[in-house]
Number of protein chains: 2
Amino acid sequence: MQIGELARSTGVKIETIRYYEREHLLPLPQRTEGNYRLYSPRHVEQLRFIRYCRSLDMSLEEVRILIGVLDTPSGSCLTVNALLDEKIAEVDARVNELHKLQDQLRQLRGFCQQPDEVKTCGILMELNRSAGIDKAQI
Amino acid sequence: MQIGELARSTGVKIETIRYYEREHLLPLPQRTEGNYRLYSPRHVEQLRFIRYCRSLDMSLEEVRILIGVLDTPSGSCLTVNALLDEKIAEVDARVNELHKLQDQLRQLRGFCQQPDEVKTCGILMELNRSAGIDKAQI
DNA sequence: CCTTGACCCTGAAGCCACTTCAGGCTTTTC
DNA sequence: GAAAAGCCTGAAGTGGCTTCAGGGTCAAGG
């Protein structure tokens, strides 16, 4: 299976596949006589694993760790549990931040209901005001 | 006011201030004979404005747009309203994504309550399984 | 007068996870 | 035999900074 087919069957761009190879996240594939990459089902599996982890917001470094763990089947999975706990905490924190951000943005939006002149636009006035007192608040 | 004082009084790193200057987000400051940057209260104000916008998750490009709008006080603020509406939609979308992510991560975490051997770890098994059927699901 | 230390300067490179680009080779199809 | 589709490499670009190397400036103390 050539790189194009791998790309189509996983939905991952060709350039990204080559990038993962450079980053040692995918094992080196065989090559044809014409120097084209040749992939095995094993590669498909590992690429899907990487993408699924990425869809769970893991960094490539974290994926690298997981792949390392998978490669020593008799070891313990403590690392995996810790990694996941940390990730959960990160996402929770980010959600809380974004909730606050939503409030602020909606409040700000309320300051200008219809298009105004710049100099009297409530949003811009509020942005300037908040920037000014920002330090005092914190 | 030299760059160090500006940094202290706004909580922005010196290197970041110089970076904003390179990016034309801050006007060029005067210089002393010894080539030190000299800032005015106007610079303090604008730097605070930038940081406040950044704290609202705006990109530097968006901040650049807002600064441009502010510099033409007699224009309309339609751009500002549109920008903010878009930003609100983005944040809402991101929050929804993260909520789904939270569910997935917590469910995954449930697959391995106590440290296991790698080959029987529920998390790793589930990661592999989900990666495999991922495409079929979508 | 000289040195120490705090402060400042520039330009370049590093970070992450890719994406894009330039320039060229291989294989298939007409 | 020529065009089109597919593949190759290495380098540079993205955003929003941060870090680094290698200097120059300035006030205070000995």
Side-chain angles (χ1 to χ4, degrees), chain A residues 1-26 28-40 43 46-67 83 86-87 90-91 94 97 101, chain B residues 1-26 28-40 43 46-67 83 86-87 90-91 94 97 101:
Chain A
M1 163 184 243
Q2 297 188 171
I3 199 167
E5 199 190 331
L6 178 59
R8 270 190 303 280
S9 77
T10 56
V12 181
K13 284 193 175 190
I14 288 178
E15 295 81 7
T16 306
I17 296 174
R18 288 199 281 245
Y19 169 73
Y20 288 161
E21 181 182 317
R22 275 202 304 287
E23 294 293 310
H24 307 294
L25 285 158
L26 280 176
L28 291 176
Q30 286 189 271
R31 297 279 184 144
T32 64
E33 286 182 10
N35 200 31
Y36 284 16
R37 287 169 177 83
L38 271 186
Y39 293 99
S40 68
H43 286 98
Q46 184 142 334
L47 182 53
R48 288 229 173 96
F49 180 82
I50 295 170
R51 297 262 73 180
Y52 185 62
C53 290
R54 293 284 301 127
S55 81
L56 296 176
D57 246 28
M58 296 183 196
S59 69
L60 290 186
E61 186 49 38
E62 289 167 333
V63 179
R64 226 188 302 270
I65 290 168
L66 288 183
I67 289 176
L83 199 152
E86 202 186 323
K87 192 86 340 207
E90 272 173 37
V91 175
R94 185 65 184 146
E97 273 177 32
L101 186 54
Chain B
M1 165 183 241
Q2 296 187 173
I3 199 169
E5 200 190 330
L6 178 59
R8 270 189 303 280
S9 77
T10 55
V12 181
K13 285 195 173 187
I14 288 177
E15 295 82 7
T16 306
I17 296 173
R18 287 199 282 244
Y19 170 73
Y20 287 161
E21 180 181 319
R22 274 204 304 287
E23 294 294 310
H24 306 292
L25 286 157
L26 280 175
L28 291 176
Q30 285 189 272
R31 298 280 183 144
T32 65
E33 286 183 9
N35 202 30
Y36 285 15
R37 287 169 177 83
L38 272 187
Y39 293 98
S40 68
H43 287 98
Q46 185 143 336
L47 182 52
R48 289 228 172 97
F49 180 80
I50 295 170
R51 297 262 69 181
Y52 185 62
C53 290
R54 293 285 298 129
S55 81
L56 296 177
D57 248 28
M58 295 183 195
S59 69
L60 291 185
E61 186 48 38
E62 288 167 333
V63 178
R64 225 187 304 269
I65 291 168
L66 288 184
I67 290 176
L83 199 152
E86 203 186 322
K87 191 88 339 211
E90 271 174 36
V91 175
R94 184 66 183 146
E97 273 177 31
L101 185 54

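Throughout, a chain's letter reflects where its sequence line sits, starting with A, and its residues are numbered from 1.
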What is the distance, to the nearest angstrom, from the CG atom on B:Leu47 to the P atom on D:dG16? 16 Å

Is the phosphate of C:dC18, meaning OP1 or OP2, less than 4.0 Å from a side-chain N or O of A:Tyr20? yes

Just checking B:Ser59: base, sugar-phosphate only, or nothing, at a heavy-atom cut-off of under 4.0 Å? sugar-phosphate

State whether A:Thr16 places a side-chain N or O below 4.0 Å from either non-bridging phosphate oxygen (OP1 or OP2) of C:dA17. no

Short question: side chain of B:Arg18, backbone of B:Lys13 - any donor-acceptor pair under 3.5 Å? no

B:Glu15 CD to D:dT18 C1': how many Å, rounded? 7 Å

Between the main-chain N or O of A:Ser55 and the side-chain N or O of A:Arg51, is there a donor-acceptor pair closer than 3.5 Å? no

So, is B:Lys13 near the phosphate of D:dT19, with a side-chain N or O under 4.0 Å from OP1 or OP2? yes

Whole angstrom value for the distance that separates C1' of D:dC17 from CG of B:Asp57: 15 Å

If you restrict it to nitrogen or oxygen atoms, what contacts under 3.5 Å exist between nucleotides 10-14 of chain C and the protein, and what is each distance?
from	atom 1	to	atom 2	distance (Å)
C:dT10	OP1	B:Arg31	NH1	3.4
C:dT10	OP1	B:Arg31	NH2	3.1
C:dT10	OP2	B:Arg37	NH1	3.0
C:dT10	OP2	B:Arg37	NH2	2.7

Can you tell me how far C1' of D:dG16 sits from CZ of B:Arg54, to the nearest Å? 6 Å

Could you tell me whether a side-chain N or O of B:Glu62 sits under 3.5 Å from a main-chain N or O of B:Ser59, the two making a donor and an acceptor? yes

If every non-hydrogen atom of B:Leu83 is compared with every non-hydrogen atom of B:Met58, which pair is closest and at what distance? CD2-SD, 4.3 Å

Quick one: which of C:dC18, C:dC8, D:dG16 gets closest to the side chain of B:Ile14? C:dC8

Atom of B:Ile14, atom of B:Ala7 and distance for their closest heavy-atom approach: CG1-CB, 3.7 Å

Take atom CD1 of B:Ile17 and atom C1' of D:dT19, then tell me their distance rounded to the nearest Å. 17 Å

Whole-Å distance separating the CD atom of A:Glu23 from the P atom of C:dC15: 10 Å

Ignoring hydrogens, what is the shortest heavy-atom contact between B:Ser9 and B:Arg48? Give both atom names and the distance. O-NH2, 3.0 Å

A:Tyr19 has its side chain closest, among C:dC8, C:dT19, D:dC17, to C:dT19

Contact summary for B:Glu21 and B:Tyr39, nearest pair of heavy atoms: OE1-OH, 3.7 Å

For A:Pro29 and A:Leu38, work out which heavy atoms get closest and say how close. CB-O, 3.4 Å

Please tabulate, one pair per line, each protein N/O and nucleotide N/O from nucleotides 2-4 of chain D that are separated by under 3.5 Å, including the distance.
none

For B:His24 and D:dG15, give me the distance from atom NE2 to atom P, rounded to whole Å. 14 Å

Could you tell me which non-hydrogen atom of B:Arg64 sits nearest to which non-hydrogen atom of B:Glu23, and how far apart they are? NH1-O, 2.5 Å

Pairs under 3.5 angstrom, nitrogen or oxygen only, protein versus nucleotides 2-7 of chain C, please.
from	atom 1	to	atom 2	distance (Å)
C:dC7	O2	B:Tyr36	OH	3.1

I'd like to know if the side chain of A:Thr10 reaches the main chain of A:Leu6, judged simply by a donor and an acceptor atom lying under 3.5 Å from each other, with no hydrogens or angles considered. yes

Can you find a pair of side-chain heavy atoms, one from B:Ile50 and one from B:Leu26, that are under 4.5 Å apart? yes

How many whole angstroms separate atom CE of A:Met1 from atom P of D:dG6? 15 Å

Sub-3.5 Å donor-acceptor pair from the side chain of B:Gln46 to the main-chain atoms of B:Leu25, do we have one? yes

